[in-house]
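Chain naming here is simple, since letters A, B, ... match the order of the sequence lines and numbering starts at 1 in each. Atoms considered below: every heavy atom in the structure, side chains included; atoms not considered: hydrogens, waters and symmetry mates. Since this is a predicted model, take the numbers as computed values, not measurements.
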There are 2 protein chains.
Amino acid sequence: MALRYALLCALHEQPATGYELTQRFKTRLANVWNASHQQVYRELAKLQQEKLLLVEAIEQPNKPDKKRYHTTLAGRSALEHWLGQIQPRPATRDPLLVKLFAGDLLDLAVLHNELEALKKESLAQLEYYRVIEQTYFPNPGTLSRHYRLQYLALRRGILSAEANLNWLAEAEVTLQNLPNVPGRP
Amino acid sequence: MALRYALLCALHEQPATGYELTQRFKTRLANVWNASHQQVYRELAKLQQEKLLLVEAIEQPNKPDKKRYHTTLAGRSALEHWLGQIQPRPATRDPLLVKLFAGDLLDLAVLHNELEALKKESLAQLEYYRVIEQTYFPNPGTLSRHYRLQYLALRRGILSAEANLNWLAEAEVTLQNLPNVPGRP
DNA sequence: CATTATTATGCAACAAGGTGCATAATGTGC
DNA sequence: GCACATTATGCACCTTGTTGCATAATAATG
């Protein structure tokens, strides 16, 4: 149920097309919410039908119109209602951690590769977030309420990526010192 | 697709009933994988039908039989095949972070409550993990491969909870110094 | 002794998310 | 000039997860 509110939020901030929203989910909102373009278009159509959004057709020379979505008054109050309730925490479901419970069936070389992939990903994320931090939030204390809240979301991404990397460092040490004999107790 | 492998993993470690598996998801596997009892029973039935699991009927005086599930050879090789592939990272979808993009529509008092709830939850988790750490893993270097890998999963829970709390501390400072005027730029 | 919690199992309907495929235009590189 | 990437939109089907409901026994609590 929350995808619709992520869309309403994003469109309240700045009207956009389905394509642009998909891009935002891949970049600025990457550590906040994810959705495929198919999911975005489907939900936008539904929200429009429910009159929580309305469409502005953008003419393009020699191309079909672009559809830019805006929130309606009903859309904003639906969003406000949702914002007013405490939302349940997302459930954790991490296949990498599941693997750690496979005991003797787990191949350490594969695990190592998977940890390396996560490390690479986390480092890339962290670097990306740091660039945004220094470019857009060099002095967060001077920002408006609006941007200070968004900065908090960015900080969350940074702290999560750092926590990942700290854990990965521990994991690497563990793997290096691991007796390759299974042996239960 | 990963629920089935979480179940196969758990049952490879220790045969169990649907009920017991549900309990494990709520406790020992809380930071690893989540599933409701309905989902667990449904998937167990499916896995049994596909002959990846088999059932042992446990007689109980004056009660219907308990059904304890075991992995089959086919089950173990299906699990091994899954373990051999690098699994994609779970997508992040956090309604709390979505709210930070709602700008002027967001009520700070509600946000504060939500942060407090997360703090309480994270503290409780951390305390729980720490007890397990000190009870079951007082000297991780001496443990078998099997338990050292499980210890890694626990460490992940601990580092995540700590990262949450660090972020919450930052968030509280931000909220306290926030100009309550919206004002975009 | 009635009520509630815990153990133990499941079905049915629905919502949310993922996968595959399709189309159409422009721009880019070889 | 042809293949591929990017911008831009969507449908249909399938899997996964959630919600509501149901049953039945024992244990604990007042």
Side-chain angles (χ1 to χ4, degrees), chain A residues 1-8 11 15-27 29-30 32-50 53 55-69 82 87-95 98, chain B residues 1-8 11 15-27 29-30 32-50 53 55-69 82 87-95 98:
Chain A
M1 209 73 240
L3 169 62
R4 66 189 314 133
Y5 300 106
L7 290 169
L8 286 168
L11 292 173
T17 66
Y19 187 79
E20 285 161 359
L21 287 164
T22 307
Q23 300 307 309
R24 272 195 232 173
F25 280 133
K26 275 193 241 172
T27 54
L29 298 174
V32 174
W33 201 266
N34 280 280
S36 64
H37 69 97
Q38 293 94 331
Q39 227 189 327
V40 168
Y41 288 119
R42 190 205 293 159
E43 194 68 30
L44 285 174
K46 228 170 164 187
L47 286 166
Q48 188 197 348
Q49 205 184 291
E50 293 173 41
L53 295 180
V55 192
E56 170 199 5
I58 312 266
E59 282 179 55
Q60 298 181 115
N62 310 327
K63 274 204 259 186
D65 288 1
K66 261 201 284 196
K67 295 161 82 172
R68 182 183 291 152
Y69 290 87
W82 180 79
Q87 298 305 318
R89 297 271 70 218
T92 33
R93 290 195 183 95
D94 190 334
V98 167
Chain B
M1 208 75 241
L3 169 61
R4 65 190 312 132
Y5 299 105
L7 289 168
L8 286 168
L11 292 173
T17 66
Y19 187 80
E20 285 161 0
L21 287 164
T22 308
Q23 299 307 309
R24 273 194 230 173
F25 280 133
K26 275 194 242 173
T27 54
L29 299 174
V32 173
W33 201 267
N34 279 279
S36 63
H37 69 97
Q38 293 94 330
Q39 228 187 325
V40 169
Y41 288 120
R42 190 210 289 163
E43 195 67 31
L44 286 174
K46 228 170 164 186
L47 286 166
Q48 188 198 347
Q49 206 184 289
E50 294 173 40
L53 295 180
V55 192
E56 168 199 7
I58 311 267
E59 282 180 54
Q60 300 181 115
N62 311 326
K63 274 204 258 186
D65 289 0
K66 260 201 285 195
K67 294 160 83 171
R68 183 184 291 153
Y69 290 88
W82 181 79
Q87 297 306 318
R89 298 270 68 219
T92 33
R93 288 196 184 95
D94 190 333
V98 168

- Message: Between P on C/dG17 and CZ on B/Arg89, what's the gap in Å once rounded to a whole number?
- Response: 19 Å
- Between P of C/dA16 and CZ of B/Arg93, the distance in whole Å: 12 Å
- Quick one: list whatever passes side-chain hydrogen bond (donor to acceptor under 3.5 Å, both in side chains) with A/Glu56, sequence neighbours left out. A/His70
- Apply side-chain hydrogen bond (donor to acceptor under 3.5 Å, both in side chains) to A/Arg89 and list each qualifying residue two or more places apart in sequence or on a separate chain. B/Asp94
- B/Asn34 CG to D/dG17 C1': how many Å, rounded? 11 Å
- Task: Could you check how far CG of B/Leu47 sits from P of D/dT16, rounded to whole Å?
- Result: 11 Å
- side-chain contact (heavy atoms from CB on, under 4.5 Å) partners of B/Gln87, counting only residues at least two apart: A/Pro95, A/Lys99, A/Glu114, B/Trp82, B/Gln85
- Message: For B/Ser36, is there any backbone N or O sitting under 3.5 Å from a side-chain donor or acceptor partner on B/Thr22?
- Response: no
- Message: Over the length of the helix from C/dC1-D/dG30 to C/dC30-D/dG1, how much do the five-pair end axes diverge, rounded to 10 degrees?
- Response: 40°
- Message: In this structure, how many angstroms lie between the P atom of D/dG17 and the CZ atom of B/Phe25, rounded?
- Response: 10 Å
- Contact pattern, 5' to 3', of nucleotides 4-15 of chain D - B, S or - by protein heavy atom under 4.0 Å: ---BBBBB-B--
- With sequence neighbours left out, the residues meeting ring-ring contact (aromatic ring centres under 6.0 Å, His included) with A/Tyr41 are none
- Partners of B/Glu50 by side-chain hydrogen bond (donor to acceptor under 3.5 Å, both in side chains), sequence neighbours excluded? B/Arg4
- Query: Who passes side-chain hydrogen bond (donor to acceptor under 3.5 Å, both in side chains) against A/Gln39, sequence neighbours left out?
  - Reply: none
- Task: Please list, chain by chain and in numerical order, all residues satisfying side-chain contact (heavy atoms from CB on, under 4.5 Å) with A/Lys67, sequence neighbours excluded.
- Result: A/Val55, A/Tyr69
- Task: Rounded to the nearest angstrom, tell me the gap between atom CG in A/Leu7 and atom C1' in C/dA16.
- Result: 13 Å
